[in-house]
Amino acid sequence: MLTKSFFEGKTVEELANALLGCELVHKTPEGITAGIIVETESYHETDEASHSYKYRSKRNEIMFGPPGHAYVYFTYGMHWCFNVVAENEGIGAGVLIRALEPTQGIELMKKRRHKQNLVELCNGPAKLTQALSITRKDYGKTLYGGDLYITSPKLKDFKIAFGPRVGISKAQDKPWRFWIRDNPFVSGSRPKKKLD
DNA sequence: TGAGTGATTGACT
DNA sequence: GTCAATCACTCAT
């Protein structure tokens, strides 16, 4: 498991890179589900597309807190998305986890997702929260020492690709999306632009 | 107090 | 390719 110091002293972009290849684990009464992080996006308070841009609210408050916590938000009336809070307390920044490669609790994920195809379990930000059962109750939790945590890198020797982010209407030119090159579990089956 | 918008997905044409 | 589902939050009355 990673320690608190892993999240400290990094810019949000550095953290987004460092999280690739790490395993995100969630222990629940139903069992353990986990997957390797294969795609991330960084968001900063100076970024127009970020929830922490300009305004601090009850919803994004945790992004301004100390790093290494979970920022979980509800959007489009039906979907949860999961972020890792980054940078020092007082700065609103976070890393959106967009896709996982399933590793543990695959049968449980299939049950939660009502899908059998391994690729379709976690290849999208709202899909992985459903597969790992991450909801508002996980808002603000630390990602070191609890039931929801991140491990040290499981993968090595992979190449990191980067490019514009997906699904936003502002700051689309910023190359703040990072993913593991040639990994089939990366999302973006339907980005507006073809990036790779 | 209420209209407008969104870091999405899945079903349907 | 197009569109509905449906809630939290922002911003303008």
Side-chain angles (χ1 to χ4, degrees), chain A residues 11-17 19-20 24 33 35 37-65 67 69-87 91-102 109-140 143 150 161-180 184-196:
Chain A
T11 66
V12 66
E13 290 178 57
E14 287 170 344
L15 186 62
N17 276 271
L19 287 172
L20 291 174
L24 175 64
T33 46
I37 297 169
V38 297
E39 183 181 4
T40 61
E41 283 180 5
S42 65
Y43 287 88
H44 193 267
E45 63 183 22
T46 57
D47 168 15
E48 275 192 308
S50 173
H51 288 166
S52 56
Y53 180 65
K54 275 191 175 177
Y55 302 98
R56 183 170 178 161
S57 68
K58 191 174 181 181
R59 178 211 212 181
N60 65 26
E61 189 177 25
I62 195 70
M63 292 181 80
F64 293 86
H69 289 240
Y71 168 43
V72 182
Y73 69 91
F74 196 61
T75 191
Y76 291 108
M78 53 201 314
H79 296 299
W80 295 97
C81 291
F82 170 74
N83 297 244
V84 178
V85 175
E87 308 212 4
I91 298 176
V95 178
L96 171 69
I97 307 300
R98 289 194 58 85
L100 300 178
E101 176 177 336
M109 288 195 244
K110 286 180 179 175
K111 181 180 162 191
R112 285 174 177 157
R113 294 270 305 121
H114 307 290
K115 296 281 181 187
Q116 291 301 311
N117 186 341
L118 202 61
V119 174
E120 292 179 14
L121 293 179
C122 299
N123 67 333
K127 296 181 185 179
L128 68 90
T129 57
Q130 187 183 7
L132 299 204
S133 190
I134 296 172
T135 63
R136 178 134 199 107
K137 71 185 189 315
D138 299 300
Y139 181 96
L143 297 173
I150 295 174
F162 64 93
R165 291 170 297 183
V166 175
I168 54 175
S169 59
K170 293 175 181 172
Q172 293 170 323
D173 57 322
K174 303 294 192 298
W176 289 332
R177 172 177 173 237
F178 309 93
W179 66 95
I180 293 179
F185 296 93
V186 169
S187 79
S189 56
R190 242 186 323 183
K192 287 167 186 171
K193 300 176 186 175
K194 191 67 183 173
L195 305 172
D196 314 29

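Values below: all heavy atoms of this structure, side chains included; hydrogens, waters and symmetry mates excluded. Reminder, nothing fancy here: chain letters follow the sequence lines and each chain counts from 1.
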With no hydrogens and no angle check, do the side chains of A/E13 and A/S42 hold a donor and an acceptor under 3.5 Å apart? no
Taking OP1 and OP2 of [N], is either one under 4.0 Å from a side-chain nitrogen or oxygen of [X]?
X      : N      : value
A/R113 : B/dT9  : no
A/Y71  : B/dA7  : no
A/K127 : B/dG10 : yes
A/T75  : C/dC7  : no
A/H79  : B/dT9  : no
A/S57  : C/dT10 : yes

Which part of the nucleic acid does [X] contact within heavy-atom distance under 4.0 Å: base, sugar-phosphate only, or nothing?
X     : value
A/R56 : nothing
A/Y76 : base
A/N60 : nothing
A/A49 : base
A/Y73 : base

Please convert DNA chain B into dot-bracket. A pair counts if it is Watson-Crick or G-U wobble with both distances under 3.5 Å; crossing pairs go in [ ] and bases paired with another strand get |. ||||||.|||||.
Between A/D47 (side chain only) and A/A49 (backbone N and O only), is there a donor and an acceptor less than 3.5 Å apart?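 Pair found, side chain donor or acceptor close to backbone of A/A49.
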note: A/K170, atom NZ; C/dT10, atom P; distance rounded to Å ~ 12 Å
Whole angstrom value for the distance that separates P of C/dT10 from CZ of A/R59: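 Answer to the nearest Å: 8 Å.
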